[in-house]
2 protein chains.
Amino acid sequence: MTQNHPSIAEVASLVGNPARANILTALLDGQALTAGELAYVAQVSPQTASGHLGKLAQARLLTVAKQGRHCYYRLASPLIGRMLEGIMAVAADGPPRYRPAWRGDEALKELRTCYDHLAGRLAVALADALAARRHILLTADGGIVTAEGTDFLARFGLDMERVGQGKRAFCRPCLDWSERRPHLAGAIGAALAHRCFETGWVARLPDTRALSLSPAGRAGFAEVFGLHPD
Amino acid sequence: MTQNHPSIAEVASLVGNPARANILTALLDGQALTAGELAYVAQVSPQTASGHLGKLAQARLLTVAKQGRHCYYRLASPLIGRMLEGIMAVAADGPPRYRPAWRGDEALKELRTCYDHLAGRLAVALADALAARRHILLTADGGIVTAEGTDFLARFGLDMERVGQGKRAFCRPCLDWSERRPHLAGAIGAALAHRCFETGWVARLPDTRALSLSPAGRAGFAEVFGLHPD
DNA sequence: GCGATTGTTCGGTTTCGGCCGAAGTGATGG
DNA sequence: CCATCACTTCGGCCGAAACCGAACAATCGC
């Protein structure tokens, strides 16, 4: 049996470099960043980052868009984000010695974006709350939205017709690497996050994937979902 | 923002070596293999393989069980398989130059195991057939089994009570790296595969993840699912 | 245009990790 | 109790790649 999966090793080794891993995780929220910004987050010189970006683009993990003298890089497809989530889930599960002291921002643990949906303590609590009220049902492999859940989310402002492309809404668990419990991803997760931005409950912060929670958002999460941040 | 995800890069770089990637994919069907067998599939010497296996075990990607003078290695958790699936999906999507000539077995493309469920041309066709009859509904993010589907699968011999842990059966799409279209994974995929082994429709072949299709299986797939292999 | 800014390419150094030969450990079996 | 087998550990070799300084290309603002 000479199976040989060279491409698997090639893809994985691209991610298996600290600088490139930092670049990819920085792009995990779907935004496009310039080469310079990525060099900064990767903590390497611009010329080193340029080399990494070239490799990632050649392997089709990133796409590049030139705008003026800036080069905007973004993940080539949601598939890449899905792969990174999978690796992060394993990494978070790994031997404790690799992550004894969490050097990241506390705000990042509380609430952040994960590709196109919400992650962090609050997002996990949100998934828990929805599950507890039987609005959604989650397992390790998938999830469904109940009829009551569909009504509830529609009242919250989600266009459930569009989300489900018909009348069905699919949801998917995504293992949260800081909480190590699943939060809500998939079409529902994305729509929910979008609605939270739309209402001004949460907003993006510059230079980080962490999100800020507005007073209205704090009150809203408490009222609508029974959550009490911090 | 000094996020730093060293563990991501560490995990990915473990996979990012051809020998280790071969080892991991060989274990992808959930079986345990000895160090010698893994050295063979990885196409390296036993002492080199031993080094790789030691690293993989230390990082908790593999677990090892000593039995006599044999060491049986297996994936440490389904999470690992999930991660590998994600990487394979991206690799299959990558630049065509990496896979111009498929060097593997043709049988592998036709039907094989993928961790605990079926994969390959036949498995994709199976998922298509179930979806076409509205027995299941699949998107990129998840899937559900309809009421008719539950009845149908129960008649086929699946214990739908147990599978769904209650009365709900969860299913999940898994991107097939040879077909590049989703096949059926999750609890339903595993139960379906188990039933196919149980009825003798398919059987494992030695030294490969490819599966053999019995005459009964050929007839059965045609009759029950309307599939005509090869 | 000219300097400033952004990004890439080139060259050379250095470090890291994969690889195998040889030797060591431990279990098996006659 | 000794030969064999399965696996691991040790030591040294070698190639790949990450890194940065320096130079080069392209764009913008004035």
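Order of the sequence lines sets the chain letters (A, B, ...), proteins ahead of strands, with each chain counted from 1. Basis for what follows: all heavy atoms, side chains included, without hydrogens, waters or symmetry-related copies.
Residue-level contact check: Lys55(B) touches the backbone only, with heavy atoms under 4.0 Å from sugar-phosphate atoms and none from bases. At a threshold of 4.0 angstrom between heavy atoms, the contacts of Tyr72(B) with the nucleic acid are absent.
The side chain of Arg20(A) places an N or O atom within less than 4.0 Å of a non-bridging phosphate oxygen (OP1 or OP2) of dA18(D). Checking the phosphate oxygens (OP1, OP2) of dC19(D), no side-chain nitrogen or oxygen of Thr48(A) falls inside 4.0 Å. A close approach under 4.0 Å does not occur between any side-chain nitrogen or oxygen of His70(B) and OP1 or OP2 of dA27(C). Proximity of Thr34(A) to the phosphate of dT6(C): no side-chain N or O atom is located under 4.0 Å from OP1 or OP2. Between Ser45(A) and dC20(D) there is a side-chain N or O to OP1 or OP2 distance below 4.0 Å.
Atom C1' of nucleotide dT5(C) and atom OH of Tyr40(A) are separated by 19 Å, given to the nearest angstrom. Summarising the geometry, the separation between NE2 on His52(A) and P on dT9(C) is reported as 14 Å, rounded to the nearest angstrom. If you measure from atom CD of Glu37(B) to atom P of dC5(D), you get 17 Å, rounded to the nearest angstrom. Straight-line distance from the CG atom of Leu62(A) to the C1' atom of dT8(C): 16 Å, rounded to whole Å. Regarding Leu56(A), its CG atom lies at a distance of 10 Å from the P atom of dA18(D), rounded to whole Å. Rounded to an integer number of Å, the gap from Tyr73(A) OH to dT8(C) C1' is 9 Å. Rounded to an integer number of Å, the gap from CG of Leu14(B) to C1' of dC16(C) is 14 Å. Regarding Ile23(B), its CD1 atom lies at a distance of 12 Å from the C1' atom of dG18(C), rounded to whole Å.
Within 3.5 Å, a donor on the side chain of Arg69(B) pairs with an acceptor on the base of dC5(D), or the reverse. Looking at Gln47(A), its side chain comes within 3.5 Å of the base of dG21(D) through a donor and an acceptor atom.
Comment: Arg82(A) does not engage Glu85(A) in a salt bridge, judged by the lack of any side-chain N to carboxylate O separation of less than 4.0 angstrom.
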I'd like to know whether Leu14(B) forms a side-chain contact (heavy atoms from CB on, under 4.5 Å) with Arg20(B), so could you lay out the CA-CA distance, the side-chain angles of the two residues, the decisive distance to 0.1 Å, and finally the verdict. CA-CA 7 Å; Leu14(B) 282 171; Arg20(B) 286 194 295 260; 4.1 Å; yes
Determine, stepwise, if the pair Val124(B) / Leu184(B) fulfils side-chain contact (heavy atoms from CB on, under 4.5 Å). CA-CA 7 Å; Val124(B) 170; Leu184(B) 216 49; over 6 Å; no
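Ring geometry, Phe221(B) versus Trp201(B): the interplanar angle exceeds 60°, so the pair is classed perpendicular (tilted spans 30 to 60°).
Considering only the side chain of Asn17(A), dC19(D) comes nearest among dC19(D), dG18(C), dC7(D). Here the side chain of Ala19(B) is nearest to one of dC19(C), dT8(D), dC7(D), namely dC19(C). Out of dT6(C), dT9(D), dC7(D), the shortest distance to the side chain of Ala35(B) is found at dC7(D).
Atoms CG and CG, on Leu27(B) and Leu84(B) in that order, are 9.5 Å from each other to the nearest 0.5 Å.
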